[in-house]
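From a predicted model like this one, the values you see are computed outputs, not experimental measurements.
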Amino acid sequence: MTKMRSGENGRPAGAPTRHGRLPEAKAWPTALKGLALVLSVLLISTVAVIGITAVRFSSGIDIVDIGKGDAPPPSVGAYPGGFNILIVGSDTREGQGAAFGKTAGTLNDVNMLLHVSADHSRAIAVSIPRDTIVPVPSCEDDKGKVKSAMSGQPINSVLSHGGLGCVVATVEHLTDLDIQFAGMITFQGVIELSNAVGGVPVCVDGPMVDAYSTINLPEAGEYVLSGAEALAFLRTRHGVGDGSDLARNASQRVYLSSLVRTLQSGDTLGDPVKVYQIAEVALNNMTFSASLGNITTLISLAQALKDIPLDQVQFVQYPTQYSADLLKVRPNKPVAGQLFEAIAADLPFQLAAGETGAGATIDPKAPVTEPTAPPATEEPTTTETPDATAPTAAEPEVIEGLEGQTAADHTCSVTR
């Protein structure tokens, strides 16, 4: 059953609660609390968007220096090799309208690292929960002032401490990966993106009602969400799983996987009006690192991402475990080590069956899809009998304890 819901005519999102705040002004595709992924989504699926509106983009890109140098000179074709992009969502209320209330300071409540493999066959988006306690290295803020190192800080305090460049430095220190590109997005960006794509279908396994975020989905089933209602779905914590921020992250992956499928559908990229609207959303609601602020670079990244199969786009949560007081989370170093060793070596990996997280579950009505076939190989030119003892290609490693799903996985949010 599909319930058509229009966030544009629905209730405005209510004032956020503790643990329920969302990304903010001048940020790039994440706009929701752990959804830092919208940037990845735009790049993965919208090379057409960027190409069609290249002139519009190049005349209005908002740039911030994160110490990674300027964008490389124009080039033709897909970006060579693998790369990493950090997507940050700020909870600032500046320029977001009265509906979101006021808040002191600026927190990076969304931190998502997107890795694209060197052969452009896979993409992994790792969401770092906002309450994760991490060491913060010495770094330069947006004005070039050196900020002192800190230990044992929640990661969402780093943007206020030193700006986007310090967030990049912190995530590099945490993952041992070099991050070439970064960007941020706003509350309003999430609203406008959902409207531009014509709404995003989401599935819930029961009533989802939360007065804090203002979401009200009265029964189990599928809803097509847009506008403020899409934002409310992404922000709700009290309405999903065990009410934790980690459960909300899992529920957000339900939305993100559906958004990727929506963007890759012909109905979206085949519609010139939608394509232009998506480009406008990106331009008006995002800030780019200087390394990303070149239209040719954007096009080359999009070309590298646009043909990745849905089942090779993985959304995972940075491995964590609760602190003793249960108020914060700390890195689960053994599982995180496996994850980032695989990413650094550009090796594929698998998620264990059923590891969707406390806020999501496989949709029992999900369509059956076949996994992506391996690349075709040339037929042998000899008639020799194959050696039965020859080793076969190893299956990708299963990382036990890693939560997530692929964009091909149809999932439902688990309601409380």
Is a side-chain donor-acceptor pair under 3.5 Å present for S413 with D205?
no
Contacts of type side chain to side chain contact (heavy atoms under 4.5 Å, CB included), residue S244, not counting sequence neighbours:
D242, L246, A247, Y322
Kindly indicate whether the side chain of F315, heavy atoms from C-beta on, has any atom under 4.5 Å from the side chain of V126.
no
List the residues meeting side chain to side chain contact (heavy atoms under 4.5 Å, CB included) with N332, not counting sequence neighbours, and say none if there are none.
P319, Q321, P334, V335
Counting N and O atoms only, with roles assigned by atom type, does the side chain of S323 sit under 3.5 Å from a partner on the main chain of K328, one being a donor and the other an acceptor?
yes
Please determine whether side chain to side chain donor-acceptor pair (under 3.5 Å) holds for the pair T411 and Q405, giving the CA-CA distance in whole Å, both sets of side-chain angles, and the decisive distance to 0.1 Å.
CA-CA 9 Å; T411 50; Q405 67 173 86; 2.9 Å; yes
Looking only at atom types and distance, does a side-chain atom of D119 sit under 3.5 Å from a main-chain N or O of S121, one as donor and one as acceptor?
yes
Derivation and outcome, side-chain contact (heavy atoms from CB on, under 4.5 Å), residues I128 and M112
CA-CA 6 Å; I128 305 171; M112 183 167 289; over 6 Å; no
Rounding to 0.5 Å, atoms CG (D409) and CG (D311) come to a distance of 8.5 Å
Just by modelled atom types, is the P154 backbone N or O under 3.5 Å from a matching donor or acceptor in the S157 side chain?
yes
Roughly how far, to the nearest 0.5 Å, is CD1 of I85 from OG of S289?
8.5 Å
CA sep, side-chain torsions, deciding dist, call: F181, L114, side-chain contact (heavy atoms from CB on, under 4.5 Å)
CA-CA 10 Å; F181 308 106; L114 173 69; over 6 Å; no
Less than 4.5 Å apart, side chain to side chain, heavy atoms only: is that true for H161 and V136?
yes
Residues 139-151 side chain polar contacts: donor-acceptor under 3.5 Å, at least two apart:
residue, atom, partner, partner atom, Å
D141, OD1, K143, N, 2.9
D141, OD1, G144, N, 3.0
D141, OD1, K145, N, 2.8

Nearest 0.5 angstrom please: E222 CD to D363 CG, how far?
8.0 Å
Locate the shortest heavy-atom distance separating T236 from S213; write the atom from each residue and the value.
CB-OG, 3.3 Å
Under 3.5 Å, which donor-acceptor pairs link side chains of residues 336-357 to any protein atom two or more places apart or in another chain?
residue, atom, partner, partner atom, Å
Q338, NE2, E397, OE2, 2.9
D346, OD1, H115, NE2, 3.1
D346, OD2, A118, N, 2.7
Q350, NE2, P396, O, 3.1
T356, OG1, A360, O, 2.8

C203 versus V254, closest heavy-atom pair with distance
O-CG1, 4.2 Å
With sequence neighbours left out, what residues match R261 under side chain to side chain contact (heavy atoms under 4.5 Å, CB included)?
S257, S258, L310, H410
P331 versus Y318: any side-chain heavy-atom pair under 4.5 Å?
yes
Interatomic distance, CG@L231 vs CG@L193, rounded to 0.5 Å, equals 11.5 Å
Correct closest heavy-atom pair for H238 and R416 would be O-CD, 2.6 Å
With side-chain contact (heavy atoms from CB on, under 4.5 Å) as the criterion, how do V240 and M208 come out once you've worked through the C-alpha distance, each side chain's angles and the decisive distance to 0.1 Å?
CA-CA 7 Å; V240 296; M208 179 182 284; 3.4 Å; yes
Applying side chain to side chain donor-acceptor pair (under 3.5 Å) to S194 and S226, what does each step give before you reach the verdict?
CA-CA 5 Å; S194 67; S226 60; 5.3 Å; no
Find the distance between CZ (F83) and CG (L177) and round it off to the nearest 0.5 Å.
14.0 Å
For a quick test of reading the model, state the closest non-hydrogen atom pair linking N195 to G227 and the distance between them.
OD1-N, 3.0 Å
Report the residues that fulfil side chain to side chain contact (heavy atoms under 4.5 Å, CB included) with P135, sequence neighbours left out, ordered by chain and then residue number.
H173
Would the distance check show the side chain of E172 and the main-chain N or O of I179 forming a donor-acceptor pair, the cut-off being under 3.5 Å?
yes
Got a second to check how far Y212's OH is from R235's CZ, nearest 0.5 Å?
13.0 Å
Side chains of T170 and P137: does their closest heavy-atom pair fall under 4.5 Å?
yes
Between A182 and V168 the two heavy atoms that sit nearest each other are CB-CG2, 3.8 Å
Non-hydrogen side-chain atoms of N84 and L113 separated by less than 4.5 Å:
yes
Is the shortest side-chain heavy-atom distance between V200 and L225 below 4.5 Å?
no
Please check if the side chain of T175 supplies one atom and the backbone of V171 the other of a donor-acceptor pair under 3.5 Å.
yes
Would you say D210 and I215 make side-chain contact, with heavy atoms under 4.5 Å?
yes
Looking only at heavy atoms, what is the nearest atom pair of D131 and N156, with distance?
OD1-ND2, 4.4 Å
Given the rule in the side-chain contact (heavy atoms from CB on, under 4.5 Å) test, do E229 and L217 qualify, once you have shown the distances and angles that lead to the verdict?
CA-CA 10 Å; E229 195 166 34; L217 307 180; 3.9 Å; yes
Can you check whether I133 reaches V329 side chain to side chain, under 4.5 Å on heavy atoms?
no
